[in-house]
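Before any comments, here is the structure.
Reckoned from all heavy atoms, side chains included, excluding hydrogens, waters and symmetry mates.
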Amino acid sequence: QVQLVESGGGLVQAGGSLRLSCAGSRRTVSSYAMGWFRQVPGKEREFVAAISWSGASTYYADSVRGRFTISSDTAKNTVYLQMNSLISQDTAVYYCAGRSSRVAATTATAYDYWGQGTQVTVSS
């Protein structure tokens with residue numbers, strides 16, 4: 001059973017930065033494509049960023065491109081989401097996801113494993 005555990009969320013002022021981490025229970029990061037999604041109450045889970053198993057390919061939602069960076073450290077079996085220039089619209093619960101494929105995807109239904117989520121709140 002694959003387990004994903006997110007950390008790094010919190011409260012930050014607009015314009016600030018946070019780095020989210022997602023630790024996998026097995027060789028998740030080196031074997032699977034990984035992604036970050038976010039969700040606010042009453043809305044569907046939204047794609048944020050994804051990375052292929054090798055780390056060679058990355059994908060971003062238009063709303064975060066240029067501000068967020070996804071990366072992976074296979075030695076630590078951890079995926080990161082560096083979030084800069086945060087705005088109030090970034091406030092959400094952020095989820096880490098793993099896909100039993102080496103190819104990244106941008107839809108939530110393509111992912112097989114999910115973390116419990118971490119809250120990010122951006123104050124304006």
Side-chain angles (χ1 to χ4, degrees):
Q1 181 70 21
V2 173
Q3 291 185 332
L4 302 173
V5 179
E6 303 100 333
S7 61
L11 175 63
V12 63
Q13 288 189 334
S17 298
L18 280 175
R19 188 178 79 158
L20 305 183
S21 299
C22 172
S25 60
R26 297 184 342 197
R27 292 177 57 186
T28 314
V29 172
S30 60
S31 302
Y32 297 161
M34 303 293 293
W36 286 96
F37 290 77
R38 65 188 181 186
Q39 190 170 24
V40 298
K43 292 190 176 182
E44 292 186 355
R45 198 162 293 189
E46 175 190 29
F47 169 73
V48 175
I51 188 167
S52 62
W53 72 279
S54 66
S57 299
T58 57
Y59 306 86
Y60 297 95
D62 289 342
S63 59
V64 307
R65 186 175 289 111
R67 300 188 297 121
F68 291 10
T69 302
I70 188 171
S71 62
S72 61
D73 184 335
T74 55
K76 296 182 177 180
N77 203 31
T78 300
V79 176
Y80 303 98
L81 185 68
Q82 178 67 43
M83 305 186 295
N84 299 328
S85 303
L86 285 161
I87 58 178
S88 59
Q89 291 91 328
D90 294 321
T91 295
V93 177
Y94 282 72
Y95 296 90
C96 174
R99 183 170 188 239
S100 300
S101 168
R102 295 183 170 185
V103 179
T106 61
T107 56
T109 54
Y111 288 81
D112 305 294
Y113 310 103
W114 292 88
Q116 82 289 351
T118 185
Q119 177 70 47
V120 171
T121 303
V122 183
S123 64
S124 56

Would you indicate whether the side-chain heavy atoms of [Y] and [X] approach each other to under 4.5 Å?
X: S21; Y: K76; value: no
X: R38; Y: V64; value: yes
X: V120; Y: M83; value: yes

Spacing of [X] atom [atom1] and [Y] atom [atom2] [to the nearest 0.5 Å]:
X: Y94; Y: L81; atom1: OH; atom2: CG; result: 7.5 Å
X: S25; Y: L4; atom1: OG; atom2: CG; result: 6.5 Å
X: T121; Y: D90; atom1: OG1; atom2: CG; result: 11.0 Å
X: L86; Y: S123; atom1: CG; atom2: OG; result: 10.0 Å

Subject >> Sequence neighbours excluded, every pair satisfying ring pair (Phe, Tyr, Trp, His ring centres under 6.0 Å) that has a member inside residues 68-88 >> reply: none
Subject >> Residues that, via side-chain heavy atoms closer than 4.5 angstrom, fall in one hydrophobic cluster with Y95 >> reply: F37, F47, Y59, V93, Y111, W114
Original post:
With a cutoff of under 4.5 Å between side-chain heavy atoms, which Ile, Leu, Val, Met, Phe, Trp and Tyr residues group with L11?
Top reply: none
Original post:
Just by distance, do the side chain of S72 and the backbone of V79 share a donor-acceptor pair under 3.5 Å?
Top reply: no
Original post:
Are I87 and R67 close enough, and set up right, to give a side chain to side chain contact (heavy atoms under 4.5 Å, CB included), and what steps lead you there?
Top reply: CA-CA 10 Å; I87 58 178; R67 300 188 297 121; 4.0 Å; yes
**OP:** For residues Y60 and T69, report the shortest heavy-atom separation together with the two atoms involved.
**Re:** OH-CA, 3.4 Å
Subject >> Pairs touching residues 5-20 that satisfy side-chain hydrogen bond (donor to acceptor under 3.5 Å, both in side chains), sequence neighbours left out >> reply: E6-Q116, S17-N84
Which pairs would a plain distance check flag for residues 96-106, meaning a side-chain donor or acceptor within less than 3.5 Å of a matching protein atom at least two apart in sequence or in another chain?
residue: R99; atom: NE; partner: A110; partner atom: O; Å: 3.1
residue: R99; atom: NH1; partner: V103; partner atom: O; Å: 2.5
residue: S100; atom: OG; partner: D112; partner atom: OD2; Å: 3.1
residue: S101; atom: OG; partner: V103; partner atom: N; Å: 3.1

**OP:** For Q89, enumerate each residue passing the side chain to side chain donor-acceptor pair (under 3.5 Å) test, keeping only those at least two apart in sequence or located in another chain.
**Re:** none
**OP:** Look at the side-chain heavy atoms of Ile, Leu, Val, Met, Phe, Trp and Tyr, link any pair under 4.5 Å apart, and say whether W53 and V2 land in one connected group.
**Re:** no
